[in-house]
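Following: one structure in structure tokens, then a few remarks.
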Amino acid sequence: NALPQTNLTCSQWADKFRYVSPERSRFAGKWSNDKTPYLKEIMDAASDPTVRRLVFKKSSQVAGSEFIVNYLGYRIHLTPTMMIYCAENEDKSNAFVYESFDTATEVTPVLRERITAKTGTEDNNLKRKKFPNGLLSIVYASSAAQLSSRPAEVICLDEVDACVENSEGSPVALLEARTKTFDDIKKVILVSSPRDKETSVIEAEYETSDKRKYFVPCPHCGEYQVLQWKNVKWDDEPFDAYYVCEVHGCVIEHDEKEG
């Protein structure tokens, strides 16, 4: 059995212990941070004990759920505690368990060794995952009762902008109230693609953060820049799109992208 190594960051843990199911990715097997380098700093910020609130404003299909799985797995293995994962509705919470969390647990030995109850039993089902010295509760934002029912040190809200207010108020506020007894060590993680800019929760949260961005180098001039949709161009067919370097106007073709 692998012994917990609490000096590891979340990204180091993922590289060392996490496995990816063939049900989730064509890159099945050992997790590699090289496949999603932009997640590394985000994972490490999540595992930084001085960080109490993490805001991940993202586009779609950039492994946001995998980031959450990695952080939850990291905590389950190394520093277990009471945690809550929240999705926008019951279907989404069930999908997270079936498609993301359970598939990761099944192929990652250190997690399989800790979540030992048979699937579908009281301690391992769509609503709870029990492990030594901790519990992961899976809830959804449309149920006010679920958001108000248990304390937690860690809360992860997935697709925050899709989590509409329920009969008792904001899902973010209701879940944050669950961390009150852990105030000096709590971890609040908000993940979402922004929807309506005027009402977006993730936009507002990002604006109150230190607003980090991911910079990539131009393969021609080497200048680092943030990729922006306005720099995607095409002449006749969108399928022939290319990217124009923000700094020097270099034309970057599709086959010149990394990864």
Any chain of hydrophobic side-chain contacts (each under 4.5 Å) joining [X] to [Y]?
X    : Y    : result
Y214 : V226 : no
V62  : V216 : yes
L126 : M83  : yes
V107 : F101 : no
L72  : L8   : yes

[X] side chain to [Y] main-chain N or O, any donor-acceptor pair under 3.5 Å?
X    : Y    : answer
T116 : E113 : no
Q225 : E223 : yes
K187 : D48  : yes
T108 : L111 : no
R24  : E99  : yes
Y243 : C250 : no
D161 : R195 : yes
S170 : A173 : yes
Q12  : T9   : yes

I need the [X] [atom1] to [Y] [atom2] distance, nearest 0.5 Å.
X    : Y    : atom1 : atom2 : result
S11  : Y74  : OG    : OH    : 9.5 Å
S192 : D158 : OG    : CG    : 8.0 Å
Y19  : T103 : OH    : OG1   : 15.5 Å
I189 : C156 : CD1   : SG    : 4.0 Å
M43  : E66  : CE    : CD    : 10.0 Å
K213 : L227 : NZ    : CG    : 12.0 Å

Do the non-hydrogen side-chain atoms of [X] and [Y] ever get within less than 4.5 Å of each other?
X    : Y    : value
K35  : S32  : yes
R53  : E176 : yes
I252 : P219 : yes
S137 : Y85  : no
E106 : R112 : no

For [X] versus [Y], what's the shortest heavy-atom pair and its separation?
X    : Y    : answer
D44  : C10  : OD1-N, 3.7 Å
T208 : E205 : OG1-O, 2.8 Å
A241 : V232 : CB-CG1, 4.1 Å
P217 : G222 : CB-O, 3.9 Å

ask   = Is a salt bridge present between E41 and R212, judged by a nitrogen-to-oxygen distance below 4.0 Å?
value = yes
ask   = Between K186 and E153, is there a side-chain N and carboxylate O pair less than 4.0 Å apart?
value =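 No, no charged N to carboxylate O under 4.0 Å.
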key: Ring centre gap for Y242 and H254 strictly below 6.0 Å   = no
ask   = More than 12 foreign heavy atoms under 6.0 Å from NZ of K30: is that the case here?
value = yes
key: E253 atom CD, over 12 foreign heavy atoms within 6.0 Å   =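 Counting other residues, nucleotides and ligands, CD of E253 exceeds 12 neighbours.
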key: Side-chain hydrophobic cluster, 4.5 Å single linkage: members besides I155   =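 Members besides I155, by chain and number: V55, I84, V139, L147, L157, V160, V172, L174, L175, V188, L190, V201, I202, Y206.
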Atom pairs and distances, donor-acceptor, side-chain atoms in residues 127-135, under 3.5 Å, two or more places apart:
{"residue": "R128", "atom": "NE", "partner": "E122", "partner atom": "O", "Å": "3.0"}
{"residue": "R128", "atom": "NH2", "partner": "D123", "partner atom": "OD1", "Å": "3.0"}
{"residue": "K129", "atom": "NZ", "partner": "D102", "partner atom": "OD1", "Å": "2.7"}
{"residue": "K129", "atom": "NZ", "partner": "D102", "partner atom": "OD2", "Å": "3.4"}
{"residue": "K129", "atom": "NZ", "partner": "N124", "partner atom": "OD1", "Å": "2.6"}
{"residue": "K129", "atom": "NZ", "partner": "N125", "partner atom": "O", "Å": "3.4"}
{"residue": "K130", "atom": "NZ", "partner": "G134", "partner atom": "O", "Å": "3.3"}

Donor-acceptor pairs under 3.5 angstrom involving side-chain atoms of residues 87-98: please list them, not counting sequence neighbours.
{"residue": "N89", "atom": "OD1", "partner": "D91", "partner atom": "N", "Å": "3.2"}
{"residue": "N89", "atom": "OD1", "partner": "K92", "partner atom": "N", "Å": "2.8"}
{"residue": "S93", "atom": "OG", "partner": "E90", "partner atom": "O", "Å": "2.9"}

Stepwise side-chain contact (heavy atoms from CB on, under 4.5 Å) check, C221 with C245 = CA-CA 9 Å; C221 68; C245 167; 3.8 Å; yes
Pairwise ring-ring contact (aromatic ring centres under 6.0 Å, His included) hits with a residue in residues 20-44, at least two apart = none
ask   = Who pairs with Y71 by ring-ring contact (aromatic ring centres under 6.0 Å, His included), at least two apart in sequence or on another chain?
value = none
message = Among residues at least two apart in sequence or on other chains, which ones pass ring-ring contact (aromatic ring centres under 6.0 Å, His included) with Y140?
response = none
key: Audit row: L54, I42, side-chain contact (heavy atoms from CB on, under 4.5 Å) steps and yes/no   = CA-CA 8 Å; L54 186 145; I42 299 169; 4.1 Å; yes
task = Would you sort out whether K58 and E159 count as a side-chain contact (heavy atoms from CB on, under 4.5 Å), showing the intermediate values?
result = CA-CA 10 Å; K58 65 180 188 64; E159 292 302 332; 3.1 Å; yes
request  = Evaluate the side-chain contact (heavy atoms from CB on, under 4.5 Å) criterion for residues M82 and V154: first the C-alpha distance (whole Å), next the side-chain angles of each, then the deciding distance (0.1 Å), finally the verdict.
outcome  = CA-CA 7 Å; M82 307 291 285; V154 174; over 6 Å; no
inquiry  = Quick one about E256 and H220 (side-chain donor to acceptor, distance below 3.5 Å, no hydrogens or angles considered), yes or no?
reply    = yes
